[in-house]
Amino acid sequence: MRGIPWRLLAAGALTAVLLDLPFPIAGPLPIWRTIFAWFALVPLLVAVLRLPEKAEEKSRRWQLGWSLLAGWLCGAIWFGSNCYWVYNTMHVYGGMSAPLAALSLVMFSLYLGFWFGAFSLTLAMIRRATLGKRNAWLAFAAIPFLWTAMEFAIARLPGFPWDQLGYSQIDNALLMRLVPWTGVYGISFLLAFWNILFVPIFVLKRGTKWFSARRSCLTFGVVIPVLLTLESRLVPLKLPTEATAMLVQPNLNVASDDVWVGPEWDRRIAQFQQLGGETCKQDYMVGMPGAKSLHIGVPCDGPPPAPSLIVWPESPAPFRDVDPKFQSAMQAIAQQDKAPLIVGAIGMDADPATQEYRIYNSATVFAQDGRMAGRYDKMHLVPFGEYVPHRNLLFFIRQIAQSLTDMSVGTDRKVFRISAGNGTHRYGVFICYESVFGDEVRQFAQLGAEVFVNISDDGWYGDSSAPWQHLNMARMRAIENRRWVLRDTNNGVTASIDPYGTVRQSIPRHQVDALPAQFGYNSEITFYTAHGDWLAALCAILSLALLVWSARSLLVGFSSGAKAPSLD
C-alpha cells in the first residue's frame with residue numbers, strides 16, 4: 001500500500017459524523033434522526049473489508065495499521081463531537097484555561113477513541129485471515145460481536161459507557177421489548193448486525209455467491225428501520241400510578257450557590273419547604289420538556305394531600321449530614337409535610353486513625369417523623385469531577401487538581417424501606433453518573449427496590465447535549481428493570497419515567513420549580529436484572545477467541561511469505 005489511504009481515513013471520519021446524528025446534540029432527539037444508527041457504521045466497515053486482497057507481507061501489515069488508525073480516528077471524532085460539553089465543563093466550571101480545556105477534550109477523545117481502533121483492527125485481521133477461504137463469511141458475522149464487545153470493554157476498562165449505540169433507539173417501543181432480556185447491549189448488537197446488510201453491496205464482487213442478493217439486502221435494510229421508526233410514534237401504554245413524589249428543582253448556580261449564611265439559609269430552606277409542599281400544581285408538562293409539550297395542572301378542592309416522598313437533588317447546596325442545623329431543618333420539613341425525604345448532601349465520616357473526615361457524595365434519607373433513616377454513598381465517582389486519578393502523572397490537570405478534594409467511594413449498595421401514607425415500600429437511590437452503568441443500577445432491583453430515585457446535578461453540563469443524553473440513559477435503566485424512575489435534578493431534566501422508558505411528566509429546565517411526579521411500584525425481576533450484561537460478556541469472550549485465532553493465522557501467513565488469495 002503506497003502513501004496514506006485517504007479513503008480509509010475519510011470513511012472513518014464519515015462514520016463518526018453519522019454516529020453522532022442519532023443522539024441528542026443540543027436538545028431532545030428528533031425521532032427521524034434515530035434512523036442513522038441503522039447504517040452509520042457502513043463507511044468504516046466497507047473501507048476495512050475492502051482492503052486490497054493481493055499484497056506483499058509488508059503491505060498487508062501496513063493495511064492492518066491503517067485500519068487501526070481509521071477506527072481510532074473515527075472514535076476520536078465521535079467522542080469529541082458527542083461529548084463536546086467536556087470543554088465547557090472543564091473551562092467554565094473546572095477553572096481550566098481555554099487551551100488546557102481544549103487539550104483535555106482532545107486527550108479524552110483520543111483515549112476513548114482507541115477502542116474504536118481496536119475494533120477496526122480486529123475486524124481487518126479476521127478479514128485478512130479468511131480471504132479466499134470458505135469461512136470468508138466470518139468477517140461479516142463477527143461485526144456485531146466485535147462492536148458489542150468494544151462497548152463492553154469501554155464500560156469496564158476506562159469506565160465510560162456514554163451513549164452506547166443502543167441508546168439511540170430509546171424511543172423505539174418495539175425494540176425496547178428486547179432490553180429487559182439483554183440490556184442496552186442487545187440493541188447495540190442488533191444495530192451493528194443490521195449495518196452488515198448494507199456492506200456486501202459495496203464489498204462483494206460481481207459473480208460471487210451473495211452478490212445477486214444485494215438488492216434484497218438494500219430493500220430489507222432500509223424498509224424495516226423506517227417502519228420501526230414510524231412505529232415509535234404510536235401512543236405509549238398508560239400505566240396506573242399509586243403515589244406522588246415531589247421532585248424539587250432548585251436551579252442553583254453550581255459555581256456559586258454553595259454558601260448560605262444567616263438569612264440566606266433561612267430563605268433557601270423556606271423555599272425548599274414551599275416547593276416540596278406544592279402537590280397541587282398549576283402547570284407541568286406531559287412528556288418531555290419542549291415547545292410542543294402539553295401543559296396540565298393538578299387542581300385541589302381541599303387541603304393539599306401529603307406526598308409519598310419529597311426529593312431534593314444533588315446540588316451545590318451546603319448540606320452536610322453531620323450538621324445539626326441541616327438535620328434540624330430536614331426534621332422540621334418532614335414532620336410538617338408528613339412525608340419522608342431523600343436529600344442530596346455531603347456525607348461525612350470521621351476517620352478514627354487520622355481524626356479527619358472522609359467525605360462522600362450522598363443521598364440522606366429522613367423518615368416521615370423526621371429522624372435520619374440512613375444514607376447512601378455514591379459508589380461510582382466521576383473522574384476529574386469527584387476525584388483526580390493519577391494526580392502526580394497528569395501534569396496538565398494540575399490546575400483543577402489543586403482545587404478538587406477527592407471524595408471517598410461508597411462501599412454499600414443500599415435499598416431503603418420508606419413508610420408513608422400509602423404504606424411501606426423499598427426505594428433504590430443512585431446518584432448522577434451512576435445512571436449510565438446498567439449492570440450496577442440493576443443491583444438495586446435485585447436487593448428489592450420497587451422504585452428507583454435518581455438524583456443528579458446536570459448544571460455542570462451547561463446548555464449542551466449532555467442533560468438530554470443523561471436523561472436517555474436513565475430511561476434505559478427503567479426499561480431494563482421495569483421500574484419507575486423518579487429523576488430529580490438541580491436544573492433539569494427533572495422527570496417521572498415509567499417502566500417502559502417513557503417520560504410521563506417533566507418541568508422546564510433552568511427554573512426554580514417542583515414536579516408532583518406520579519409513579520407506581522414494581523417488584524418484578526427481569527432477566528437482565530437477574531443476569532446483567534451476559535450478552536456483552538459472551539460477545540467479549542467470542543471476540544477474544546476470534547482475535548487470537550486471526551492473529552495466529554496471520555502470523556503463520558506472514559512467516560511463510562504467502563500472498564493472500566483473491567475472491568475473484
Could you list the residues that satisfy side-chain contact (heavy atoms from CB on, under 4.5 Å) with [X], not counting sequence neighbours?
| X | result |
| --- | --- |
| Tyr461 | Trp85, Thr89, Trp162, Asp458, Ser464, Ala466, Pro467, His470 |
| Phe527 | Trp181, His531, Trp534 |
| Gln368 | Lys338, Pro340, Ala420 |
| Thr526 | Pro180, Arg482, Glu524, Tyr528, Thr529 |

Sub-4.5 Å side-chain heavy-atom contact between [X] and [Y]:
| X | Y | value |
| --- | --- | --- |
| Ile507 | Gln249 | yes |
| Gln273 | Gln336 | yes |
| Ile333 | Phe366 | no |
| Trp312 | Pro250 | yes |
| Val365 | Ile418 | yes |
| Gln518 | Ser496 | no |
| Met246 | Asp337 | no |

From CA spacing to verdict: side-chain contact (heavy atoms from CB on, under 4.5 Å), Leu471, Ile497 = CA-CA 10 Å; Leu471 171 66; Ile497 304 168; 4.0 Å; yes
Filter on ring-ring contact (aromatic ring centres under 6.0 Å, His included), then keep only pairs touching residues 427-448, sequence neighbours left out; what's left?
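Those involving residues 427-448 are Tyr376-Phe444, His380-Tyr433, His380-Phe437, Phe430-Phe452, Tyr433-Phe437.
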task: Applying side-chain contact (heavy atoms from CB on, under 4.5 Å), run through Ile170 and Val184 and close with a yes or a no.
output: CA-CA 9 Å; Ile170 188 68; Val184 66; over 6 Å; no
Donor-acceptor pair between Glu151 and Ser188 side chains, under 3.5 angstrom
yes
- Is the closest side-chain donor-acceptor distance between Thr494 and Thr489 under 3.5 Å?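 There is such a pair between these side chains.
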Using 0.5 Å steps for rounding, measure from the [atom1] atom of [X] to the [atom2] atom of [Y].
| X | Y | atom1 | atom2 | result |
| --- | --- | --- | --- | --- |
| Ile346 | Tyr360 | CD1 | OH | 12.0 Å |
| Gln169 | Asp171 | CD | CG | 9.0 Å |
| Leu309 | Ile342 | CG | CD1 | 4.5 Å |
| Leu247 | Arg487 | CG | CZ | 11.0 Å |
| Met176 | Asn172 | CE | CG | 6.5 Å |
| Leu515 | Asp488 | CG | CG | 8.5 Å |

Minimum-distance pair of heavy atoms, taken over all atoms of [X] and [Y]:
| X | Y | value |
| --- | --- | --- |
| Pro316 | Asn490 | CD-ND2, 3.9 Å |
| Phe79 | Gly113 | CD1-N, 3.9 Å |
| Ser168 | Leu191 | OG-CD1, 3.7 Å |
| Ala537 | Phe152 | CA-CE2, 4.0 Å |
| Thr122 | Ala118 | OG1-O, 2.8 Å |
| Glu480 | Gly438 | OE1-CA, 3.8 Å |

Is it the case that more than 12 heavy atoms not belonging to Tyr84 sit under 6.0 Å from its OH atom?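 Yes, enclosed.
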Whether [X] side chain and [Y] backbone form a donor-acceptor pair below 3.5 Å:
| X | Y | result |
| --- | --- | --- |
| Gln469 | Asp163 | no |
| Glu434 | Val441 | no |
| Thr34 | Ile31 | yes |
| Asp457 | Gly459 | yes |
| Gln511 | Asn251 | no |
| Arg477 | Ser435 | yes |
| Arg483 | Asn522 | yes |
| Ser109 | Gly80 | yes |
| Asp20 | Ala16 | no |
| Thr502 | Asp498 | no |

Tell me every residue that passes ring-ring contact (aromatic ring centres under 6.0 Å, His included) with [X], counting only those two or more places apart in sequence or in another chain.
| X | result |
| --- | --- |
| Phe36 | Phe39 |
| Phe145 | Phe189 |
| Trp460 | Tyr93 |

For [X], check salt bridge (Lys or Arg N to Asp or Glu O under 4.0 Å) against everything at least two apart and list the hits.
| X | value |
| --- | --- |
| Asp513 | Lys281 |
| Glu314 | none |
| Asp439 | Arg156, Arg442 |

is_close_aromatic(Phe116, Trp147), centroid dist under 6.0 Å: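 Yes.
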#### Entry: Contacts of type side chain to side chain donor-acceptor pair (under 3.5 Å), residue Ser362, not counting sequence neighbours
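For Ser362, the residues satisfying side chain to side chain donor-acceptor pair (under 3.5 Å) (neighbours in sequence not counted) are Asp377.
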Ring-plane angle category for Phe272 and Phe319, please: parallel below 30°, perpendicular beyond 60°, tilted otherwise.
tilted
Practice prompt. Decide side-chain contact (heavy atoms from CB on, under 4.5 Å) for Asp533 and Tyr185; before the verdict, give the C-alpha distance in whole Å, the side-chain angles of both, and the deciding distance to 0.1 Å.
Written response: CA-CA 8 Å; Asp533 295 332; Tyr185 290 107; 3.5 Å; yes
Q: Scan Thr364, Val453, Leu486, Asn454 and name whichever one has a side chain to side chain contact (heavy atoms under 4.5 Å, CB included) with Val429.
A: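 Of the listed options, the one satisfying the test is Val453.
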Legend entry - Tyr500 vs Leu239, side-chain contact (heavy atoms from CB on, under 4.5 Å): CA-CA, chis, key distance, verdict: CA-CA 9 Å; Tyr500 291 87; Leu239 301 178; 3.6 Å; yes
